[in-house]
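Residue indices begin at 1 and follow the sequence shown.
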Amino acid sequence: MSATTHWLATATAQAVLERGGNAFDAATAAGFVLHVVEPHLNGPGGDLTGVFATSSEPTPRVLMGQGPAPAGATIAHYRGEGLDLVPGAGGLAAAIPGSVDAWLLLLDEHGTWELADVLAFAIGYARDGHPVVGRVGTTIETVAQLFTEHWPTSAQLWMPEGRAPREGEVIRNAAYARTLERLLEAGAGAGDRRGRIAAARREWKEGFVAREAVAFLRTPHRHSSGTDHAAVITEADFAGFSASFEPAVTLDFRGTTVAKTGAWGQGPMLLQTLAILDGLPDEAMDPSTAEGAHHVLEALKLALADRDAHYGEDIADGALETLLSADYARERRALIGAEASHEFRPGRPDGREPFVPPLDEEPDEAAAAGVGEPTVVLSGETRGDTCHVDVVDRWGNVVAVTPSGGWLQSSPTIPELGFCLGSRLQMTWLTEGTPSSLKPGARPRTTLTPTLLLRDGQPVAALGSPGGDQQDQWQLLYLLRTLVGGYSPQQAIDAPALHTTSMPGSFWPRTWTPGGAVVEDRLGEDVIAELERRGHRITRGGDWSLGRLSSVGRDPATGVLSAAANPRGAQGYAAGR
């Protein structure tokens with residue numbers, strides 16, 4: 001079974017499975033297709049995280065494709081450029097690209113297919129074209145003036161006729177097709193499958209990709225700050241990074257083990273929220289009721305405050321264990337009252353003093369359009385997003401991967417490569433001594449956060465969603481509805497969604513809405529009115545607007561597979577047989 005955020009990626013993954021490939025072959029092929037068909041949501045110059053289990057080793061593992069800050073990315077340099085925040089777009093926001101190396105690592109270690117066969121789908125869609133989804137054109141329209149006035153190479157690729165593409169028009173990216181072909185050519189003389197993959201990884205990190213990207217971004221160009229700067233990334237930065245595998249961080253909730261990334265991502269925030277809610281009666285955590293929605297929103301605020309105060313590459317030793325402990329969850333649960341909190345309330349695990357980020361409220365929407373990882377603006381509509389892939393195969397391999405970054409509005413297109421670099425460094429602070437300060441060689445605290453579920457030590461489901469700060473918030477609703485409410489996966493995805501905006505955003509310009517909550521209107525007038533009475537500052541997002549969840553599942557007892565995908569936007573797709 002395959003489920004992704006775009007039907008062509010799902011079709012690609014399913015084609016690989018039908019032809020004998022395993023879940024890792026299928027996910028990798030789909031991942032490269034997503035570079036082509038959702039270029040406003042992810043790209044080769046971006047990053048990813050994954051969580052997976054194999055049929056022979058069910059212990060959950062994390063695929064770490066989050067590149068760190070370049071060696072020249074120091075707070076002193078950025079402050080010297082006149083910046084108070086890392087920009088949301090432009091070369092100074094670029095971490096070392098991690099997505100391609102991570103996909104190739106996953107294929108090398110756990111796949112079975114030749115790299116040329118895996119990449120053939122993406123090469124075909126890039127060279128021969130594919131019908132573009134409407135949101136690609138909408139995204140390009142938001143940054144059309146930036147492209148035409150400041151980023152001409154982006155305008156050349158994405159606006160070849162002087163305008164954004166219209167929904168259904170066939171678009172091509174011959175430069176990216178050629179980039180993938182050159183990676184294949186690098187391994188032509190290798191002796192075996194793994195040798196050919198290794199050669200492609202070397203060429204990416206030490207060959208033409210690094211050379212072209214570094215040389216192009218050395219020229220000062222416009223950033224989201226409204227000022228021009230040169231990037232600091234070097235060829236040595238490219239060469240020094242390798243994707244890797246890491247242990248997952250887990251929490252048991254209602255008989256299910258939930259597996260996430262470490263605190264260099266926001267994944268443990270979901271675990272914290274589950275631990276806080278776990279002490280409540282079932283009916284008190286039902287997101288479809290006013291009481292349950294209130295408790296969900298308040299628990300999320302507490303966990304998100306801890307994320308912003310304590311998470312990062314430099315999280316204190318032992319802090320995560322305390323943050324996930326039952327005693328700490330009990331302390332945090334006691335802070336939930338009958339009224340909505342409008343405060344930023346991080347805890348003090350083991351007495352540690354929390355970092356309190358700047359608490360700036362929302363600017364005009366237009367000021368931030370097109371620059372961040374796409375969260376949700378005040379209207380409730382998304383201005384972009386991320387991507388997601390879930391695959392489970394006949395042997396019991398299961399994988400969830402959330403690729404993002406390097407979207408077409410991140411920085412100027414590198415013309416010889418057909419893509420741009422990402423902007424993940426905007427999640428770091430230009431303040432010394434915080435757990436997520438900008439620091440050369442340190443990973444920015446990513447929002448990318450797929451989930452793996454296990455029962456009795458066996459993987460039973462994989463899921464995830466695009467959505468920046470909302471990714472784990474929407475996954476929380478899914479878990480509460482399936483693990484507590486008895487919903488089927490598709491029912492849980494279809495059910496009305498909500499999330500809080502009462503935390504500093506992870507993306508430039510890093511603002512918050514105290515007491516803010518965005519809800520789908522389908523939650524119901526009575527529920528919404530009661531939330532407002534309790535003090536939540538409600539933004540209505542329409543009936544079908546929040547979340548792009550997908551999931552796959554496997555029953556270890558029967559081997560029966562399942563999948564579910566999001567109907568919002570008519571773009572996600574689940575398939576299988």
Side-chain angles (χ1 to χ4, degrees), residues 35-36 38-47 67 69-70 72-73 77-78 81 83 86-100 126 136-137 139-165 171-179 204 208-235 237-238 368-374 383-384 404-426 507-508:
H35 292 163
V36 179
E38 292 194 318
H40 58 316
L41 312 181
N42 82 136
D47 35 48
H77 178 78
Y78 285 55
E81 294 279 310
L83 299 169
V86 177
L92 280 180
I96 302 168
S99 177
V100 166
V136 173
T139 300
I140 294 170
E141 286 174 353
T142 67
V143 289
Q145 185 176 354
L146 171 68
F147 282 10
T148 55
E149 295 183 4
H150 299 287
W151 295 1
T153 56
S154 296
Q156 182 179 0
L157 176 59
W158 301 112
M159 303 169 61
E161 298 181 17
R163 59 167 177 82
I171 65 170
R172 296 172 175 82
N173 188 344
Y176 185 48
R178 182 59 187 145
T179 293
W204 173 271
F208 74 95
V209 174
R211 289 194 304 270
E212 294 286 352
V214 169
F216 181 75
L217 291 170
R218 191 176 293 133
T219 300
H221 53 276
R222 183 57 48 95
H223 284 54
S224 59
S225 55
T227 50
D228 293 353
H229 309 274
V232 295
I233 196 167
T234 67
E235 292 180 42
D237 292 320
F238 271 84
V371 297
E373 170 172 282
R383 62 171 181 253
S404 188
W407 42 74
L408 59 84
Q409 66 272 32
S410 292
S411 59
T413 297
I414 304 157
E416 293 298 319
L417 302 180
F419 62 85
C420 58
L421 297 194
S423 55
R424 188 63 61 182
L425 294 187
Q426 66 184 289
F507 298 90
W508 185 91

Between E212 and the options L217, I414, T179, the side-chain contact (heavy atoms from CB on, under 4.5 Å) test singles out I414

All heavy atoms of H40 vs all of W407, minimum pair found to be O-CB, 3.2 Å

Heavy-atom closest pair (Q409 atom, A89 atom, distance to 0.1 Å) is O-CB, 3.7 Å

Applying salt bridge (Lys or Arg N to Asp or Glu O under 4.0 Å) to R211 and not counting sequence neighbours gives none

- No-hydrogen, no-angle side-chain donor-acceptor test under 3.5 Å, T413 and T153: no

- Just wondering, do P412 and L146 contact through their side chains at under 4.5 Å, heavy atoms? no

For the pair S224 (side chain) and G88 (backbone), establish whether a donor and an acceptor sit closer than 3.5 Å, ignoring hydrogens and angles. yes

What is the ring orientation for W204 with F419, classed by angle as parallel under 30°, tilted 30 to 60°, or perpendicular over 60°? parallel

What one should report as the nearest heavy-atom pair of A213 and F238 is CB-CZ, 3.9 Å

message = Evaluate S99 against N42 for side-chain contact (heavy atoms from CB on, under 4.5 Å), listing each step before the verdict.
response = CA-CA 9 Å; S99 177; N42 82 136; 5.6 Å; no

Separation between NE2 (H35) and CG (L41), nearest 0.5 Å, reads 11.5 Å

Heavy-atom closest pair (W508 atom, Q426 atom, distance to 0.1 Å) is N-OE1, 2.8 Å

Main chain of L421, side chain of S411: is a donor-acceptor contact present, judged purely on distance under 3.5 Å? yes

Decide side-chain contact (heavy atoms from CB on, under 4.5 Å) for D228 and H223; before the verdict, give the C-alpha distance in whole Å, the side-chain angles of both, and the deciding distance to 0.1 Å. CA-CA 6 Å; D228 293 353; H223 284 54; 6.0 Å; no

* Asked: Would you say the side chain of P44 lies within less than 4.5 Å of the side chain of Y176, judging by non-hydrogen atoms?
  -> yes

So OG1 of T139 and CD of E38: to nearest 0.5 Å the spacing works out to 10.5 Å

For G67, is there any backbone N or O sitting under 3.5 Å from a side-chain donor or acceptor partner on D47?
no

- Donor-acceptor under 3.5 Å (Y78 side chain, L92 main chain): yes

In this structure, CD1 of I140 is separated from CH2 of W158 (nearest 0.5 Å) by 6.5 Å

For L408 and V136 the tightest heavy-atom approach is CD2-CG1, 4.4 Å

The reported gap from CH2 in W151 to NE2 in H221 (rounded to nearest 0.5 angstrom) is 6.5 Å

For A210 and E235 the tightest heavy-atom approach is O-CG, 4.1 Å

Review point. Taking atom types as modelled, is there a side-chain donor on H229 or T227 under 3.5 Å from an acceptor on the other?
Key: yes

Please examine the side chains of L417 and F208, heavy atoms only from C-beta on, and report whether any two atoms are closer than 4.5 Å. yes

Residues passing the salt bridge (Lys or Arg N to Asp or Glu O under 4.0 Å) test with E149, sequence neighbours excluded, are none

